[in-house]
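When reading the values below, keep in mind they use all heavy atoms of this one structure, side chains included, and skip hydrogens, waters and symmetry mates. Just so it is clear, the structure is predicted and the values come from calculations on it, not from any experiment. For ligands, and for the atoms within them, numbers begin at 1 and follow the listed sequence. Sequence positions, counted from 1, serve as the residue numbers for this chain.
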Amino acid sequence: MKKHFILILGLSMFLSACAEQKNKTSKDPIAQEAKNDAQYRPGFHFTPNQNWMNDPNGMFYLNGTFHLYFQHHPESNVWGPMHWGHATSTDLMNWEEHPIALYPDALGTIFSGSAVIDFENTSGLGTKENPPIVAIYTNHDAEAEKTGSSTYQNQSIAYSTDKGFTWSKYEQNPVVKNPGIKDFRDPKVFWMDSQSKWILSLAAGQEIQYYESKNLLDWTFLSTFGTGIGNHNGVWECPDLFPMKIEGTDSIKWVQLVSINPGGPNGGSATQYFVGDFDGTQFTLDNEFQADLEKNHRFWTDFGRDNYAGVTFSNWKSEKGNPLLLGWMSNWLYATSVPTEQWRSAMTLPRNLELHKIEGRFILKSDLAIKWDAFTTKKTSRSKTKIEGSNTLVEANSLDLQAAKITVELTNLESTRYTFDLENDLGDKLSFGYDHRTQQFFIDRSQSGKVDFSKEFTKQPSTAPRFGDQNSLTIELVLDKASIELFYDAGETVMTEIFFPNAPYQTLRLRSEEKTNTEYSAEFIELNPSKSSE
Ligand code: FRU
């Protein structure tokens, strides 16, 4: 009997020691960080292997490969002296990181910019047989900034003769000198075929400046755009100008993207767009667009809080002839404190843009540029079902919500609020949906998991206005561990946000605030990004 007692006592002491050890490990900050890093690192959005990343830079397409450079601090997980990191992909789902492309130099660190393929070797930096890739970026001189100078941002050039893998700086940098404007950066260049010249746009204080060149090296100032137009509640950054066919017509309009921080529709960073004409010298707003803009400024490429500094790829057009946009999936309000340590922040999925004119109003739509079939490992669907109370769309363990694309169609909308809840059994919940009374979409991440790293993260739910008032609605959403990208009405309204649940979400429910006759149908796709190479 006594022997038994000692044995039980011994066993229980052992077990409690084990429990204590386990508690210790889960409270151990380093172990916790490693767990967060793995739990939140997306499977098919680009993240740097190590350390800090912000804006996408210098994106171009060549011979089947998409090149992405990015603002990178290789020695820290917060912003610092900027380099250009480099990654490539052939399918836009799987990315391979390469050695750093551009290092800081005597003129400063390497801020955002673009890259073009100089097919005709106009720059003379390569040959016609082996055209150079030319990168145009901002040199940021932090030392000069400290001395109170206002000319510490200048535009410089680097070129690559091995298709973007290694780079040389142009000896006579900078190529566009600062005229005395503090924020003077983020050059984006394209070849204007109809006038046989290069056009460069950059952010200059509260406006965009345009320059032209025949050889990418000598630039002449053309004009400015933007004073008093659109949103000016923050710094203008990362412009991009490109022509687009109005969907279903042969008319061309030019779209000018301008990122702004802060000032976004839901706080912090976001990207606005303007529709107009560009004659090779001057960008002028379209009259109808201007009237709409003055009535209600709702021209954001994405109303979610986590899509910033997006620009388009050089040398790439979709099947419809449209540009491909990719942004940084974070927000300057809290980017440096999100709960990952080894790496910080991801890019959005790439999106084909489409310019539509619906009842006299321009809308820039986004459509995900992924060939989904190649990555689909499981597909199920639900035919028309009435929404009664709370409907379970995804039961625990029936679909991997860590890598999924879900499409839902709601028909017969009524005057109520439709809410989707992604949940785990720890009580974390990400809610999003649509209120047909106010015609507004929303995302509420206040209970989504780890939220206390920044007050800004959950300040208020994000909202977005719906453009039409149809009584049916399609919702396409993509989940990749710690992000949701929502495309409403075939990409008329987009919302992208990140979140950090304490355990993966396992269920998806749909509920309406009141009893309705609304019906839903849905398609569920489970994704495996490496499927195409299996
Ligand atoms: C936008 C931005 C750019 C700048 C870069 C610096 O997020 O502020 O204007 O070039 O980041 O990292």
### Query
Are Thr151 and Asn178 linked by a side-chain donor-acceptor pair shorter than 3.5 Å?
no

Side chains of Ser345 and Trp328, donor plus acceptor under 3.5 Å: yes

Test salt bridge (charged side-chain N to carboxylate O under 4.0 Å, His left out) applied to Arg445 and Asp306, step by step: CA-CA 13 Å; Arg445 55 185 178 188; Asp306 298 299; 3.0 Å; yes

Salt bridge (charged side-chain N to carboxylate O under 4.0 Å, His left out) filter on Glu97, not counting sequence neighbours, yields none

By salt bridge (charged side-chain N to carboxylate O under 4.0 Å, His left out), Asp186 pairs with (sequence neighbours left out) none

Using heavy atoms and a strict 4.0 Å limit, residues surrounding ligand 1 turn out to be Asn54, Asp55, Gln71, Trp79, Met82, Phe111, Ser112, Arg185, Asp186, Glu237, Tyr308, Trp332

Cut-off 3.5 Å, no hydrogens considered: what does the side-chain donor-acceptor table look like for residues 167-177, sequence neighbours left out?
{"residue": "Trp167", "atom": "NE1", "partner": "Gly164", "partner atom": "O", "Å": "3.1"}
{"residue": "Lys169", "atom": "NZ", "partner": "Tyr103", "partner atom": "O", "Å": "2.7"}
{"residue": "Lys169", "atom": "NZ", "partner": "Asp105", "partner atom": "OD2", "Å": "3.0"}
{"residue": "Asn173", "atom": "OD1", "partner": "Ile157", "partner atom": "N", "Å": "2.8"}
{"residue": "Asn173", "atom": "ND2", "partner": "Ile157", "partner atom": "O", "Å": "2.9"}
{"residue": "Asn173", "atom": "ND2", "partner": "Tyr170", "partner atom": "O", "Å": "3.1"}

